[in-house]
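Accompanying notes for the structure given below.
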Amino acid sequence: MKYIIFTDMDGTLIDHDTYSYKEAEDALQLIKKNNIPLIFCTSKTRKEIETFCNKMEVNHPFISENGGAIYIPINYFAAEYDYDIEYEGYNVIELGTRYNILRNVLKDIQNALETEIVGFGDLDATQISQLTGLDIKSAENASVREYDEAFTIKIQDEQNIDVNQIIDIITSKITSSGLTYTKGGRFWHIMGDNDKGKAVAILTDIYQKELGNVKTIGLGDSLNDLPMLHSVDIPILVQKPTGSHDPEITDPSINYIDGIGPVGWNKAITNILIKDR
Ligand SMILES: [Mg+2]
């Protein structure tokens, strides 16, 4: 069986708090040994993903910023496929809306509301580092955004406002601007008409051209992973740091695996690959 693995990173392959993938090391070794493409499909930026690719010696295409773009190393595929631009050693398939447009819409929404919306574009690397627990270098990489803005909604306690009502207003304004939103483990995201699922489907098609029949595995932990999980043959949901699965995802077609983040990841992949031998 030719497997392709699509995986979320934060809270799934890498620990939500420590950003470590140590707990998934056994499965990662199995993947390398079996030459299985490991495709990062994450809200992370290109530069953040590249750092992990270098560290983990992963040289496959990847999907950045919630399906904003697919980066395919030039000469990776022999098969022909359509792409939009050639950039820094990649053929790039652009699916998202440019960052400066997203920033402008978010600013307009903030101006119309009393509530403060804080995006990465409002912060320097030190502030992003404090907010995320990333080191400064990683925070710098996270701030180089191309197709997605991450933001938080600041509601003061004394404002005595219904949080859900504010969220409803913000999200409906995003939608009426022709854009979309999603919620990751830590931040809200505003973006174009892209999601992880569309990007996974496009890349799967290219792999099928190249390799013939493939079986796709997808792993995630949050709502923004749902389109990806719906685009793969074997969808897997790992547990949140709370020790349970995302309560917003209830879908009997998904495999709910025991284990938080990389622990569940390791268990799920090991089960599939060892059973398959
Ligand atoms: Mg996640």
Side-chain angles (χ1 to χ4, degrees), residues 5-24 27-28 38-53 55-56 58 62-70 96 120 128 131-134 138-139 141-142 145 147-153 180-191 194-200 203 216-232 234-251 254-269:
I5 301 174
F6 293 93
T7 185
D8 173 49
M9 299 179 84
D10 286 338
T12 301
L13 172 58
I14 59 182
D15 184 88
H16 180 269
D17 297 311
T18 65
Y19 294 106
S20 164
Y21 52 85
K22 200 179 72 213
E23 303 281 3
L28 288 167
L38 177 62
I39 313 295
F40 298 136
C41 181
T42 168
S43 59
K44 285 185 180 302
T45 64
R46 171 176 56 86
K47 282 196 168 284
E48 288 180 284
I49 300 168
E50 282 173 340
T51 304
F52 276 91
C53 285
K55 200 159 61 174
M56 300 173 76
V58 169
F62 58 81
I63 296 163
S64 69
E65 293 180 284
N66 279 314
I70 306 170
F120 274 28
I128 293 174
L131 207 56
T132 56
L134 293 169
S138 306
N141 288 337
R145 311 194 69 80
Y147 306 100
D148 172 303
E149 174 65 324
F151 66 95
T152 57
I153 302 161
T180 62
Y181 63 91
T182 191
K183 196 182 172 199
R186 223 178 274 264
F187 298 101
W188 288 88
H189 295 266
I190 178 172
M191 58 204 180
N194 52 283
D195 62 48
K196 291 185 175 188
K198 287 175 189 164
V200 165
L203 197 47
T216 53
I217 302 170
L219 303 105
D221 73 319
S222 294
L223 209 50
N224 65 332
D225 298 314
L226 199 52
M228 168 178 71
L229 297 179
H230 285 155
S231 298
V232 295
I234 307 176
I236 294 157
L237 192 71
V238 300
Q239 290 174 328
K240 295 271 196 183
T242 55
S244 44
H245 295 98
D246 189 329
E248 290 181 84
I249 301 177
T250 51
D251 183 340
I254 291 172
N255 299 287
Y256 290 75
I257 191 95
D258 282 345
I260 298 166
V263 176
W265 202 98
N266 192 59
K267 195 184 284 179
I269 294 295

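For ligands, and for the atoms within them, numbers begin at 1 and follow the listed sequence.
When each of D148, T182, N224 is tested with H189 by the rule side-chain hydrogen bond (donor to acceptor under 3.5 Å, both in side chains), just one qualifies, namely D148.
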Practice task
Decide side chain to side chain donor-acceptor pair (under 3.5 Å) for S231 and K198; before the verdict, give the C-alpha distance in whole Å, the side-chain angles of both, and the deciding distance to 0.1 Å.
Solution key: CA-CA 8 Å; S231 298; K198 287 175 189 164; over 6 Å; no

Practice task
Determine, step by step, whether D221 and H16 satisfy the side chain to side chain donor-acceptor pair (under 3.5 Å) criterion, reporting the C-alpha distance in whole Å, the side-chain angles of both residues, the deciding distance to 0.1 Å, and the verdict.
Solution key: CA-CA 10 Å; D221 73 319; H16 180 269; over 6 Å; no

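The closest donor-acceptor contact from the side chain of N255 to the backbone of P235 lies under 3.5 Å. At distances below 3.5 Å, not a single donor-acceptor pair connects side-chain atoms of T45 with backbone N or O atoms of R145.
Take a cut-off of 2.8 Å around the Mg ion (ligand 1): the protein N, O or S atoms inside it are D8 OD2, D10 O, D221 OD1.
Between D10 and K44 there is a salt bridge, since a side-chain N of the basic residue sits under 4.0 Å from a carboxylate O of the acidic one.
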